[in-house]
Amino acid sequence: SWPAGITVDYVIFVVLLVASAGIGLYYAFSGGCQRTTQEFLLADRSMRCLPVSLSLLATFQSAVAILGAPAEIYTHGTQYWFLGCSYFLGLLIPAHIFIPVFYRLHLSSTYQYLELRFSKSVRICGTVTFIFQMFFFHGFPLVNVYLNLFVITVTGFDLWGAVLAMGLVCTLYTALGGLKAVIWTDVFQTIVMFAGQLAVIIVGTHQAGGIAEVWKKAQNGSRISGLDLNPDPLERHTFWTLGVGGVFLMLALYGVNQAQVQRYLSSRTEKEAIMSCYVVFPCQQIVLTMGCLMGLVMYARYGEESPLDQGYVKSNDQMVLYFVMDVLQDLPGLPGLFVACLFSGALSTISSAFNSLATVTMEDLIKPHVSPMTEARATLLSKMLALGYGLVCLAMAYIASLMGSVLQAALSIFGMVGGPLLGLFCLGMFFPWANSTGALVGLLSGLVMAFWIGIGSFLSRMSASAPPVINATVIPDVGNMTTAVMTTLITSKPRPSGVQALYSLSYMWYSAHNSATVVVVGLLVSFLTGPSKEKDLNPGTIYPVLGNLLFFLPQRYREKLCCVTPLDDKVTHLNAQLSFTHESKYTNQNHQFQIPHSFFYYERLCMSVPML
């Protein structure tokens with residue numbers, strides 16, 4: 001028998017899919033009808049600040065976060081909220097360092113920068129690493145992380161009917177409508193996500209007796225956490241792991257990730273791209289606060305007798321879903337709204353993955369190695385790539401459903417690839433003497449380190465008789481709070497040392513550790529093989545952070561460190577470089593891409609005057 005109101009819930013779910021598909025079809029047959037790669041992959045560089053900001057937020061706010069954040073707060077308290085402290089630098093640095101460099105180079109793919117700065121081989125390695133990361137980080141979670149939990153455990157939705165419907169609709173509007181459709185569907189889906197979470201918080205708070213009662217019960221249950229300034233990097237969550245380690249996690253996402261950078265590059269102007277970062281900041285704080293509130297309302301409802309302890313569910317994520325249906329069961333339509341909220345998180349994440357994968361494949365792997373093709377053919381191929389990636393991800397979703405618990409370990413490992421990629425871009429942008437060999441060896445070292453720590457941490461937990469708290473994912477799946485508290489109070493575990501200490505490193509430091517590995521190894525290899533000379537660097541690929549930090553040194557020493565060039569010499573050098581070209585193969589005429597005169601003025605300015 002169908003639960004009361006299930007028809008309304010289905011209608012809301014169908015409306016979400018129809019509206020998303022409708023947006024894609026609208027942009028497929030309006031405007032330029034997606035006839036050029038510029039329009040299909042970069043929305044004709046015509047997007048304004050607000051839709052870009054909400055799209056950036058939607059890509060970040062996946063269904064994993066919607067389910068995971070409340071479970072984290074319910075289990076461990078509000079310490080996780082201090083992750084919001086990392087958002088400030090995590091968005092300020094991309095806004096004033098990464099965006100200006102990428103935007104003024106007129107890139108289509110982030111990895112074009114790597115060829116301009118290093119070599120074609122570094123570009124290809126970066127692209128392949130990104131594709132690998134996106135497949136496993138966005139391909140597998142399609143069903144087995146949240147759809148599986150939601151569709152089977154809580155609702156009467158058919159699992160593969162929901163997966164196919166969502167996957168096909170997402171593939172449709174991404175392949176037909178291009179980036180503009182992806183961004184505007186993200187805007188619509190962000191509104192749905194906010195509405196779904198807000199409905200749960202309002203109804204749950206009312207049923208718990210008001211916000212004051214929720215706060216009182218959370219305090220009595222020790223769920224309101226204070227400021228933990230413990231500097232130990234092995235501690236799972238402290239102010240330093242969340243507020244400082246989280247900065248590197250944000251930089252890997254908002255600084256160099258193709259899915260996000262592509263949105264910056266679609267902005268009408270550089271100023272609007274920068275403003276989109278500023279607008280995202282308060283939105284992220286609101287989203288984080290809503291997740292915390294939902295977790296506190298959950299605790300006010302169940303206390304220490306969680307559905308997990310009672311055996312109603314098998315994981316914390318399922319507990320969140322159980323809570324939602326428990327709260328909203330007598331309100332027809334609201335369960336369906338939360339279904340739409342979760343599916344909106346899924347759609348926004350995977351549509352970004354499809355579009356960014358199509359872009360890097362076209363711009364980094366096909367165009368540079370295929371004979372000149374017409375614009376119409378290039379656009380058609382881009383659409384076929386988006387369609388192909390969508391179908392492949394559906395196939396991977398089926399594989400994921402057969403993998404069971406191994407999936408969570410896979411996500412933990414493959415999600416760490418962002419750290420080495422961040423290190424590769426930092427190596428090129430901040431250290432002028434880094435060369436191509438150093439970049440390749442550094443990237444390989446960072447990836448080896450990431451997999452070593454990830455696999456070692458997973459195996460050490462599997463071999464332990466009493467597994468420690470899982471700390472290898474952004475939103476981990478942990479045991480119940482009672483067990484965790486009893487283990488802390490009764491068992492005094494010795495501090496790990498040696499390799500075990502490395503395996504016990506807080507997951508929030510993974511990006512920082514792995515990116516630092518790339519930079520350190522890359523610099524050492526560069527010095528051993530012959531550092532790059534400033535005259536050999538392409539203009540605009542270096543941000544003079546060392547020149548700004550070492551302003552107190554005499555100019556001749558700064559010159560030797562490749563931090564600054566005398567202004568007169570710089571003008572002469574730049575004027576001599578006006579013929580510099582870059583093979584972008586942007587249009588059917590296959591013209592060479594000329595760096596504008598104003599671009600060299602910017603480079604002269606930024607290499608000589610400290611920038612904010």
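These numbers come from a predicted model, not from an experiment.
Of all heavy-atom pairs spanning Leu83 and Gly246, the tightest one is CD1-CA, 4.2 Å. Looking at every heavy atom in both residues, Ser532 comes nearest to Pro432 through CB-O, 3.5 Å.
A distance-only check finds no donor-acceptor pair linking the side chain of Gln197 to the backbone of Gly291 [under 3.5 Å].
Side-chain contact between Leu253 and Leu249: absent, with no pair of heavy atoms (C-beta onward) separated by less than 4.5 Å. A 4.5 Å side-chain heavy-atom check between Met250 and Leu92 finds every atom pair outside the cut-off. Looking only at side-chain heavy atoms (C-beta outward), Leu242 and Ser86 stay at 4.5 Å or farther from each other. Between Ser356 and Asn257, the closest side-chain pair of non-hydrogen atoms is not below 4.5 Å. Considering only heavy atoms from C-beta on, Val521 comes within 4.5 Å of Val441 through its side chain. Residues Met429 and Arg117 are not in side-chain contact: their nearest non-hydrogen atoms beyond the backbone lie 4.5 Å or more apart. Counting heavy atoms from C-beta outward, Ile366 and Leu385 have side chains that approach closer than 4.5 Å. When side chains are defined from C-beta on, Val287 does not count as touching Met290, because their heavy atoms never get closer than 4.5 Å.
Side-chain atoms of Ser266 and Arg45 form no donor-acceptor pair, as typed in the model, at a separation below 3.5 Å. Under 3.5 Å, the side chains of Arg123 and Ser109 contain no donor-acceptor pair of N or O atoms. Between the side chains of Thr361 and Tyr389, at least one donor N or O sits under 3.5 Å from an acceptor N or O. Ser119 and Ser436 share a donor-acceptor pair across their side chains, judged by distance under 3.5 Å alone. Counted by atom type alone, Ser526 and Asn435 present one or more donor-acceptor pairs between their side chains at under 3.5 Å. Glu272 and Tyr264 share no donor-acceptor pair across their side chains, judged by distance under 3.5 Å alone. The closest side-chain donor-acceptor pair between Tyr507 and His237 falls under 3.5 angstrom.
You'll find the ring centres of Phe425 and Tyr111 inside the 6.0 Å limit.
For Thr359, the side-chain hydrogen bond (donor to acceptor under 3.5 Å, both in side chains) partners two or more places apart in sequence, or in a different chain, are Gln262. Residues forming a side-chain hydrogen bond (donor to acceptor under 3.5 Å, both in side chains) with Thr110 (at least two apart in sequence, or on another chain): Gln258.
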With a cut-off of 3.5 Å and sequence neighbours excluded, list every side-chain donor-acceptor pair involving residues 173-184.
{"unit_1": "Tyr173", "atom_1": "OH", "unit_2": "Gln189", "atom_2": "NE2", "d": "3.4"}
{"unit_1": "Thr174", "atom_1": "OG1", "unit_2": "Cys170", "atom_2": "O", "d": "2.7"}
{"unit_1": "Trp184", "atom_1": "NE1", "unit_2": "Tyr27", "atom_2": "OH", "d": "3.2"}

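Below 30°, between 30° and 60°, or above 60°: for Tyr113 and Phe102 the angle between ring planes is above 60°, a perpendicular geometry.
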